[in-house]
Amino acid sequence: MPELPEVETVRTILKSQIVGKTIKDVLIRYGKIIKNVTEQNFVTLLRNERLIDIGRKGKYLIFIFENVIMLSHLRMEGKYLLKSAEPYSKHEHIVFFFSDGIELRYHDTRKFGTMYLFETADPVRIMQLTPLNRVGLEPFDELLTPEYVTSRISKLNRSIKSLLLDQTIISGLGNIYADEVLFLSKIHPATNVKILSKENIKVLIENSRAVLSKAIAYGGTTVRSFKASDEVSGRFQNFLLVHTKDKCPVCNQVISKIRLSGRGTYFCENCQKRLDITNTP
DNA sequence: AGTTTGACCCGGACGC
DNA sequence: TGCGTCCGGGTCAAAC
(Lines give C-alpha, C1' and ligand atoms only; values in the text may rest on other atoms or scores of the structure.)
Protein backbone atom coordinates (compact mmCIF):
# COMPACT_ATOMS: atom_id res chain seq x y z
CA MET A 1 0.00 0.00 0.00
CA PRO A 2 2.25 2.79 -1.17
CA GLU A 3 1.72 6.16 0.41
CA LEU A 4 3.80 9.24 -0.23
CA PRO A 5 6.98 7.96 1.47
CA GLU A 6 6.88 4.74 -0.53
CA VAL A 7 6.28 6.64 -3.75
CA GLU A 8 9.28 8.84 -2.99
CA THR A 9 11.39 5.75 -2.37
CA VAL A 10 10.27 4.26 -5.67
CA ARG A 11 11.02 7.53 -7.45
CA THR A 12 14.55 7.75 -6.07
CA ILE A 13 15.43 4.18 -6.93
CA LEU A 14 13.84 4.20 -10.37
CA LYS A 15 15.53 7.49 -11.19
CA SER A 16 18.95 6.05 -10.41
CA GLN A 17 18.23 2.98 -12.50
CA ILE A 18 16.46 4.03 -15.68
CA VAL A 19 16.94 7.76 -16.40
CA GLY A 20 18.67 8.07 -19.77
CA LYS A 21 17.22 4.87 -21.18
CA THR A 22 15.15 4.92 -24.37
CA ILE A 23 11.87 3.05 -24.77
CA LYS A 24 11.88 0.65 -27.68
CA ASP A 25 8.34 -0.63 -27.26
CA VAL A 26 5.48 -0.92 -24.78
CA LEU A 27 3.32 -3.97 -24.11
CA ILE A 28 -0.11 -3.44 -22.57
CA ARG A 29 -1.42 -6.62 -20.96
CA TYR A 30 -4.26 -4.91 -19.08
CA GLY A 31 -5.43 -1.64 -20.60
CA LYS A 32 -7.72 -0.10 -18.00
CA ILE A 33 -4.68 1.21 -16.14
CA ILE A 34 -4.34 3.86 -18.86
CA LYS A 35 -6.82 6.66 -18.38
CA ASN A 36 -6.58 9.56 -20.80
CA VAL A 37 -5.35 8.12 -24.10
CA THR A 38 -6.04 5.00 -26.13
CA GLU A 39 -3.77 2.00 -25.73
CA GLN A 40 -2.60 2.55 -29.30
CA ASN A 41 -1.63 6.17 -28.64
CA PHE A 42 0.02 5.26 -25.36
CA VAL A 43 2.35 2.87 -27.14
CA THR A 44 2.95 5.06 -30.16
CA LEU A 45 3.72 8.19 -28.19
CA LEU A 46 6.16 6.45 -25.85
CA ARG A 47 8.04 4.55 -28.55
CA ASN A 48 11.58 5.93 -29.06
CA GLU A 49 11.21 8.35 -26.14
CA ARG A 50 14.24 8.85 -23.90
CA LEU A 51 13.61 9.24 -20.18
CA ILE A 52 14.95 12.57 -18.92
CA ASP A 53 13.89 12.63 -15.29
CA ILE A 54 11.44 11.22 -12.76
CA GLY A 55 9.58 13.63 -10.48
CA ARG A 56 6.73 13.33 -8.05
CA LYS A 57 3.77 15.37 -6.90
CA GLY A 58 1.76 13.97 -4.03
CA LYS A 59 1.50 10.27 -4.78
CA TYR A 60 1.91 10.69 -8.53
CA LEU A 61 5.14 9.65 -10.20
CA ILE A 62 6.04 11.95 -13.10
CA PHE A 63 8.08 10.33 -15.87
CA ILE A 64 9.51 13.16 -17.99
CA PHE A 65 10.53 12.12 -21.49
CA GLU A 66 11.90 14.27 -24.31
CA ASN A 67 8.48 14.91 -25.87
CA VAL A 68 5.90 13.43 -23.54
CA ILE A 69 5.17 13.12 -19.83
CA MET A 70 3.71 10.01 -18.21
CA LEU A 71 2.02 10.04 -14.83
CA SER A 72 1.72 6.91 -12.73
CA HIS A 73 -0.28 6.43 -9.55
CA LEU A 74 0.37 3.19 -7.69
CA ARG A 75 -2.86 3.30 -5.66
CA MET A 76 -3.05 0.27 -3.41
CA GLU A 77 -0.51 -2.22 -4.60
CA GLY A 78 1.21 -0.92 -7.70
CA LYS A 79 4.94 -1.49 -7.97
CA TYR A 80 7.66 -1.38 -10.57
CA LEU A 81 10.02 -4.22 -11.35
CA LEU A 82 13.13 -4.28 -13.51
CA LYS A 83 13.55 -7.49 -15.42
CA SER A 84 14.86 -8.75 -18.71
CA ALA A 85 13.09 -11.29 -20.87
CA GLU A 86 11.58 -13.37 -18.10
CA PRO A 87 8.13 -14.94 -18.27
CA TYR A 88 5.37 -12.56 -17.24
CA SER A 89 3.77 -13.01 -13.88
CA LYS A 90 0.01 -12.84 -13.51
CA HIS A 91 -0.12 -9.25 -12.35
CA GLU A 92 2.39 -7.55 -14.63
CA HIS A 93 0.12 -5.29 -16.65
CA ILE A 94 2.31 -2.80 -18.52
CA VAL A 95 5.79 -3.56 -19.83
CA PHE A 96 8.22 -0.90 -21.04
CA PHE A 97 11.02 -2.33 -23.19
CA PHE A 98 14.18 -0.26 -23.17
CA SER A 99 16.65 -0.34 -26.03
CA ASP A 100 19.30 -1.98 -23.82
CA GLY A 101 17.17 -5.05 -23.16
CA ILE A 102 16.01 -4.04 -19.68
CA GLU A 103 12.26 -4.13 -19.06
CA LEU A 104 10.36 -1.92 -16.63
CA ARG A 105 7.25 -3.80 -15.59
CA TYR A 106 4.25 -2.33 -13.81
CA HIS A 107 2.84 -4.89 -11.39
CA ASP A 108 -0.51 -4.32 -9.69
CA THR A 109 -2.50 -7.07 -7.99
CA ARG A 110 -5.61 -4.94 -7.54
CA LYS A 111 -5.41 -3.21 -10.92
CA PHE A 112 -6.31 0.05 -9.17
CA GLY A 113 -3.27 1.94 -10.39
CA THR A 114 -3.59 4.61 -13.08
CA MET A 115 -1.40 6.03 -15.83
CA TYR A 116 -1.80 9.20 -17.85
CA LEU A 117 0.16 10.33 -20.90
CA PHE A 118 0.44 13.92 -22.06
CA GLU A 119 1.91 15.28 -25.27
CA THR A 120 4.02 17.87 -23.56
CA ALA A 121 7.46 17.76 -22.00
CA ASP A 122 6.94 20.93 -20.00
CA PRO A 123 7.01 20.09 -16.27
CA VAL A 124 5.37 23.41 -15.45
CA ARG A 125 2.44 22.91 -17.80
CA ILE A 126 1.82 19.40 -16.55
CA MET A 127 1.16 20.76 -13.06
CA GLN A 128 -1.77 22.75 -14.47
CA LEU A 129 -3.47 19.70 -15.95
CA THR A 130 -5.73 17.13 -14.31
CA PRO A 131 -4.93 15.17 -12.25
CA LEU A 132 -1.90 17.08 -10.93
CA ASN A 133 -3.76 20.38 -10.68
CA ARG A 134 -5.86 18.81 -7.94
CA VAL A 135 -2.92 17.86 -5.77
CA GLY A 136 -2.60 20.18 -2.78
CA LEU A 137 0.43 21.18 -0.72
CA GLU A 138 2.54 18.47 0.81
CA PRO A 139 3.11 18.53 4.56
CA PHE A 140 6.77 19.38 3.98
CA ASP A 141 5.93 22.41 1.87
CA GLU A 142 6.83 25.54 3.83
CA LEU A 143 3.72 27.16 2.39
CA LEU A 144 1.63 24.71 4.41
CA THR A 145 1.20 26.84 7.52
CA PRO A 146 -1.52 26.76 10.19
CA GLU A 147 -2.73 30.05 8.72
CA TYR A 148 -3.04 28.55 5.24
CA VAL A 149 -4.89 25.46 6.45
CA THR A 150 -7.21 27.54 8.61
CA SER A 151 -8.09 29.72 5.64
CA ARG A 152 -8.86 26.68 3.52
CA ILE A 153 -11.10 24.98 6.08
CA SER A 154 -12.93 27.90 7.64
CA LYS A 155 -16.16 27.17 5.79
CA LEU A 156 -15.95 23.42 5.75
CA ASN A 157 -18.26 21.20 7.74
CA ARG A 158 -16.56 17.84 7.87
CA SER A 159 -14.43 15.59 10.03
CA ILE A 160 -10.69 16.11 10.45
CA LYS A 161 -10.14 12.58 9.19
CA SER A 162 -11.83 13.34 5.87
CA LEU A 163 -9.83 16.56 5.63
CA LEU A 164 -6.53 14.75 6.08
CA LEU A 165 -7.54 12.33 3.34
CA ASP A 166 -8.52 15.13 0.95
CA GLN A 167 -5.52 15.39 -1.38
CA THR A 168 -6.63 18.75 -2.76
CA ILE A 169 -5.86 20.48 0.53
CA ILE A 170 -2.99 18.49 2.01
CA SER A 171 -1.45 15.85 -0.23
CA GLY A 172 0.40 12.75 0.77
CA LEU A 173 -1.50 11.32 3.73
CA GLY A 174 -3.38 8.11 3.09
CA ASN A 175 -5.79 6.29 5.33
CA ILE A 176 -3.12 4.64 7.43
CA TYR A 177 -1.03 7.73 8.05
CA ALA A 178 -4.08 9.86 8.73
CA ASP A 179 -4.91 7.58 11.66
CA GLU A 180 -1.33 7.79 12.90
CA VAL A 181 -1.26 11.59 12.68
CA LEU A 182 -4.52 11.88 14.62
CA PHE A 183 -3.27 9.50 17.28
CA LEU A 184 -0.04 11.43 17.78
CA SER A 185 -2.06 14.65 17.87
CA LYS A 186 -4.49 13.21 20.46
CA ILE A 187 -7.42 14.31 18.31
CA HIS A 188 -10.53 12.23 17.72
CA PRO A 189 -10.92 11.46 13.99
CA ALA A 190 -14.57 12.56 13.91
CA THR A 191 -13.82 16.03 15.27
CA ASN A 192 -15.37 18.69 13.06
CA VAL A 193 -12.67 20.87 11.50
CA LYS A 194 -14.71 23.97 12.39
CA ILE A 195 -13.93 23.68 16.06
CA LEU A 196 -10.22 22.96 15.72
CA SER A 197 -7.97 25.64 17.20
CA LYS A 198 -4.97 27.05 15.39
CA GLU A 199 -2.86 25.17 17.92
CA ASN A 200 -4.65 21.92 16.94
CA ILE A 201 -3.86 22.63 13.29
CA LYS A 202 -0.24 23.38 14.13
CA VAL A 203 0.11 20.09 15.96
CA LEU A 204 -1.55 18.20 13.10
CA ILE A 205 0.88 19.69 10.57
CA GLU A 206 3.86 18.92 12.78
CA ASN A 207 2.76 15.34 13.27
CA SER A 208 2.06 14.92 9.56
CA ARG A 209 5.67 15.89 8.94
CA ALA A 210 6.88 13.60 11.70
CA VAL A 211 4.97 10.57 10.46
CA LEU A 212 5.98 11.07 6.84
CA SER A 213 9.64 11.74 7.51
CA LYS A 214 9.86 8.72 9.75
CA ALA A 215 8.24 6.62 7.06
CA ILE A 216 10.54 7.98 4.37
CA ALA A 217 13.58 7.18 6.48
CA TYR A 218 12.20 3.76 7.29
CA GLY A 219 11.20 3.00 3.70
CA GLY A 220 14.62 4.03 2.53
CA THR A 221 16.37 1.60 4.82
CA THR A 222 14.22 -1.41 4.09
CA VAL A 223 14.08 -1.40 0.33
CA ARG A 224 16.16 -4.25 -0.92
CA SER A 225 19.16 -3.49 -3.04
CA PHE A 226 17.74 -2.87 -6.42
CA LYS A 227 19.00 -5.48 -8.83
CA ALA A 228 17.44 -6.92 -11.93
CA SER A 229 14.39 -8.54 -10.44
CA ASP A 230 14.09 -6.89 -7.07
CA GLU A 231 10.86 -5.16 -6.38
CA VAL A 232 10.76 -1.49 -5.61
CA SER A 233 8.49 -0.88 -2.68
CA GLY A 234 8.83 0.36 0.83
CA ARG A 235 7.65 -1.21 4.03
CA PHE A 236 6.12 0.90 6.72
CA GLN A 237 3.73 -1.27 8.71
CA ASN A 238 6.22 -2.03 11.43
CA PHE A 239 6.14 1.30 13.19
CA LEU A 240 2.38 1.88 13.21
CA LEU A 241 0.98 2.91 16.60
CA VAL A 242 -2.76 2.70 16.12
CA HIS A 243 -3.81 1.64 12.61
CA THR A 244 -4.90 -2.03 12.61
CA LYS A 245 -3.71 -2.33 16.20
CA ASP A 246 -5.67 -4.04 18.98
CA LYS A 247 -4.40 -2.12 22.00
CA CYS A 248 -3.23 1.44 22.55
CA PRO A 249 0.58 1.57 22.95
CA VAL A 250 0.17 4.47 25.40
CA CYS A 251 -2.67 3.46 27.74
CA ASN A 252 -3.22 -0.17 26.72
CA GLN A 253 -6.93 0.38 26.18
CA VAL A 254 -8.65 -1.49 23.34
CA ILE A 255 -8.39 0.40 20.05
CA SER A 256 -11.73 1.38 18.49
CA LYS A 257 -12.53 0.89 14.85
CA ILE A 258 -15.19 2.92 13.08
CA ARG A 259 -16.05 3.89 9.50
CA LEU A 260 -15.39 7.49 8.61
CA SER A 261 -15.53 8.93 5.09
CA GLY A 262 -15.94 5.36 3.92
CA ARG A 263 -12.60 4.35 5.40
CA GLY A 264 -11.71 2.06 8.26
CA THR A 265 -10.61 4.35 11.07
CA TYR A 266 -8.63 3.25 14.13
CA PHE A 267 -8.27 5.36 17.24
CA CYS A 268 -8.00 5.24 21.03
CA GLU A 269 -11.08 6.59 22.78
CA ASN A 270 -9.05 7.24 25.90
CA CYS A 271 -6.17 9.15 24.30
CA GLN A 272 -8.17 10.85 21.55
CA LYS A 273 -11.06 12.57 23.29
CA ARG A 274 -13.89 14.04 21.28
CA LEU A 275 -13.93 17.80 21.30
CA ASP A 276 -17.40 17.98 19.82
CA ILE A 277 -20.24 15.97 18.40
CA THR A 278 -19.69 15.97 14.68
CA ASN A 279 -22.92 16.12 12.71
CA THR A 280 -21.34 14.86 9.49
CA PRO A 281 -19.08 11.97 10.28
C1' DA B 1 -23.42 26.82 -6.97
C1' DG B 2 -20.54 25.02 -3.89
C1' DT B 3 -19.75 21.21 -0.75
C1' DT B 4 -20.04 16.43 0.65
C1' DT B 5 -21.13 11.70 -0.05
C1' DG B 6 -21.09 7.32 -2.37
C1' DA B 7 -20.35 4.09 -6.34
C1' DC B 8 -16.88 2.34 -8.79
C1' DC B 9 -12.67 -0.18 -10.10
C1' DC B 10 -10.41 -5.35 -8.50
C1' DG B 11 -8.86 -9.61 -6.29
C1' DG B 12 -6.86 -11.34 -1.88
C1' DA B 13 -8.29 -12.35 2.69
C1' DC B 14 -11.50 -13.93 5.59
C1' DG B 15 -15.79 -16.00 7.61
C1' DC B 16 -19.40 -19.16 7.48
C1' DT C 1 -14.17 -26.37 -0.98
C1' DG C 2 -17.07 -22.74 -2.16
C1' DC C 3 -19.40 -18.73 -1.96
C1' DG C 4 -20.34 -14.03 -0.18
C1' DT C 5 -18.54 -9.96 1.94
C1' DC C 6 -15.19 -6.66 3.00
C1' DC C 7 -11.48 -3.35 1.93
C1' DG C 8 -9.38 0.90 -0.20
C1' DG C 9 -7.26 5.99 -3.42
C1' DG C 10 -8.85 8.89 -6.28
C1' DT C 11 -12.36 10.22 -9.73
C1' DC C 12 -16.65 11.37 -10.96
C1' DA C 13 -21.53 11.65 -10.56
C1' DA C 14 -25.20 12.23 -7.46
C1' DA C 15 -27.04 14.15 -3.48
C1' DC C 16 -27.25 17.61 -0.22
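Any value given below was found using the heavy atoms of this structure, including those in side chains, with hydrogens, waters and symmetry copies removed. Proteins get letters first, then strands, A, B, ... in listed order; numbering begins at 1 in each. Because the structure is a prediction, the values reported are computed rather than measured.
Between A:Phe112 atom CZ and C:dC6 atom P there is a gap of 15 Å when expressed in whole angstrom units. The separation between A:Tyr30 atom OH and B:dC10 atom C1' is 7 Å, rounded to whole Å. A straight line from CG of A:Asp108 to P of B:dC10 spans 11 Å, rounded to a whole angstrom. The distance between atom CD of A:Glu77 and atom P of B:dC9, rounded to the nearest whole Å, is 18 Å. Straight-line distance from the CG atom of A:Leu74 to the P atom of B:dC9: 21 Å, rounded to whole Å. In this entry the distance linking NZ of A:Lys161 with C1' of B:dT4 reads 17 Å, nearest Å. What separates CG of A:Leu61 from C1' of C:dG9 is a distance of 15 Å, to the nearest Å. In this structure, the OH atom of A:Tyr106 is 13 Å from the P atom of B:dC10, given to the nearest Å.
A:His91 has a side-chain polar atom (N or O) that falls below the 4.0 Å cut-off from OP1 or OP2 of B:dG12. Contact check, A:Lys155 against B:dT4: no side-chain N or O comes under 4.0 Å of OP1 or OP2. At B:dC10, none of the side-chain N or O atoms of A:Arg75 fall inside 4.0 Å of OP1 or OP2 (strictly under the cut-off). Between A:Tyr177 and the phosphate of C:dG9, there is no side-chain N or O to OP1/OP2 separation shorter than 4.0 Å.
For A:Asn175, the listed nucleotide lying nearest its side chain is C:dG9; candidates were C:dC7, C:dG9, C:dG10. In this structure, the nucleotide among C:dT11, B:dC10, C:dG8 sitting nearest to the side chain of A:Lys111 is B:dC10. Side-chain proximity of A:Asn157 to C:dT11, B:dT4, C:dG10: nearest is B:dT4. In this structure, the nucleotide among B:dG12, C:dG10, C:dC7 sitting nearest to the side chain of A:Lys90 is B:dG12.
A:Asp108 has no carboxylate O lying under 4.0 Å from a charged side-chain N of A:Arg75, or vice versa, which leaves the two without a salt bridge. One finds a salt bridge joining A:Glu8 and A:Arg56 here, because a Lys/Arg side-chain nitrogen approaches an Asp/Glu carboxylate oxygen to under 4.0 Å.
Each of A:Thr130 and A:Arg110 has a nearest nucleotide on DNA chain C; the 5'-most of these lies closest to A:Arg110.
Considering A:Lys257, A:His188, A:Lys161, A:Arg259 in turn, A:Lys161 is the only one that fulfils the side chain to side chain donor-acceptor pair (under 3.5 Å) rule with A:Thr265.
Between the side chain of A:His93 and the main chain of A:Lys111, no donor-acceptor pair closer than 3.5 Å is present. For A:Thr120 (side chain) and A:Asp122 (main-chain N/O), a donor-acceptor pair under 3.5 Å exists by modelled atom type.
Nucleic acid contact for A:Leu156: sugar-phosphate only, since backbone atoms but no base atoms lie under 4.0 Å from a heavy atom of the residue. Among the atoms of the strands shown, none is found under 4.0 Å from any heavy atom of A:Lys35.
Looking at A:Arg263, its side chain comes within 3.5 Å of the base of C:dG9 through a donor and an acceptor atom.
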